[in-house]
Number of protein chains: 2
Amino acid sequence: MQTVIKKFKKNLQEENLKSTPQRLAILEEMMKTDEHLECEEILLKLKEKGNKVSRATLYRTMDILVKYKFVRKLEIGDGRVRYDSNLVHGKRNHDHMICLDSGDIIEFYNDKIEKLQNEIAEKNGYKIIRRVHQLFVKKV
Amino acid sequence: MQTVIKKFKKNLQEENLKSTPQRLAILEEMMKTDEHLECEEILLKLKEKGNKVSRATLYRTMDILVKYKFVRKLEIGDGRVRYDSNLVHGKRNHDHMICLDSGDIIEFYNDKIEKLQNEIAEKNGYKIIRRVHQLFVKKV
DNA sequence: TTCCTTGCAAAACATTTGCATGGGT
DNA sequence: ACCCATGCAAATGTTTTGCAAGGAA
């Protein structure tokens, strides 16, 4: 995982941003979890481990991590923003199934849907930059 | 369209809610537009027509309209909540393509994706209650 | 007459921002 | 030494809520 940290430092450097203990602590925290964490949860985890990071810095840093695609912002419409790490076992493209009873978030991926999406965009003269696909479900 | 108003009144009655001028004005406003309106825009439109509705009532009523599926809440991740009317020319199932350059919101529907989604849910022991599918695009 | 509904203003909430201080490079 | 980053607290923007007054049923 050293490579991820290296990449992050390089990314920062390229924009004249500085490699600070706070930014690294946040990155490392996001590397450790495959949950979908809210800002407050991330803040709490950091605090528990003795890493003091202010709320303002957390918010500012999450924007950076999103920009570099280390994490993805996940909004399921309940007013809480969650972050989905792209750093754990190299996961990238996936969408979410949200159980309305348990609140569980299950990831899914389907190649055919992927292709159909691209066709739809193309047909309209567009290309897809990003997408959100969420299924709100209940147990049968 | 009288039937929609009738249905609304019936829905209200069934929950011991009252049919008030404010609630009806909001419903009628949503029947007239096929845009994706924000709360402030709806409020403005109502005011322009001389219908005085307070912000609090608007928010409270939109929740009711969502519950009865007269409108759909649309969140495209820019921090603004929009409402998508289900009352205009009987549109129901559709998803959204959002142009990152112009901000345009284009509606789309694809039967195959629909089927694939159902299969995915089923395979995991779930049934789909609601879904969000958004493609963020740019012109080719 | 009974409650539900409204409107106002205050509260709540998440996020952003200004600014003085601190810290990478 | 330069200038970016941090932390705090204040500001922001949106949505929610408590409460007194008004209005359907």
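Below, read A as the first sequence line, B as the second, and so on, with proteins coming before strands; counting in each chain starts at 1.
D:dG13 atom P lies 15 Å from atom CG of B:Asp78, rounded to whole Å. As rounded to whole Å, 15 Å separates atom C1' of D:dT15 from atom CZ of B:Arg80. Remark: P of D:dA5 and CG of A:Leu65 are 14 Å apart, rounded to the nearest angstrom. Note: CG (B:Leu44) to C1' (D:dT14) measures 17 Å, nearest angstrom. Following rounding to the nearest Å, B:Glu38 (CD) and D:dG13 (C1') show an atom-to-atom distance of 12 Å.
Between A:Glu40 and the options A:Lys47, A:Arg55, A:Arg82, a salt bridge (charged side-chain N to carboxylate O under 4.0 Å, His left out) holds for only A:Arg55.
Each of B:Asn16 and B:Leu58 was assigned the nucleotide of DNA chain C with the nearest heavy atom; the assignment lying further toward the 5' end belongs to B:Asn16.
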**Complete:** Once base and sugar-phosphate atoms are separated, protein heavy atoms under 4.0 Å mark nucleotides 16-25 of chain D, 5' to 3', with B, S and - as BBB----BBS
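A:Glu40 comes within 4.0 angstrom of nothing in the nucleic acid, heavy atoms only.
Judged by distance alone, the side chain of B:Tyr83 and the main-chain N or O of B:Met62 form no donor-acceptor pair under 3.5 Å. Side-chain N or O atoms of B:Gln134 include one that pairs as donor or acceptor with a backbone N or O of B:Glu75 at under 3.5 Å.
Rounding to the nearest 0.5 angstrom, the gap separating the CD1 atom in A:Ile106 from the NE2 atom in A:His96 is 10.5 Å.
Comment: A:Glu15 engages A:Lys67 in a salt bridge, judged by a side-chain N to carboxylate O separation of less than 4.0 angstrom. Between A:Glu41 and A:Arg80, no side-chain nitrogen of the basic residue sits less than 4.0 Å from a carboxylate oxygen of the acidic one, so the salt-bridge criterion is not met.
Checked by atom type, the side-chain pair A:Glu114/A:His133 shows no donor-acceptor distance below 3.5 Å.
Taking every nucleotide of DNA chain C with any atom under 4.0 Å from a non-hydrogen atom of chain B, the first and last of them, 5' to 3', are C:dC3 to C:dC8.
One hydrophobic cluster, built from ILVMFWY side chains closer than 4.5 Å, cannot hold both A:Tyr109 and A:Leu135; they sit in different ones.
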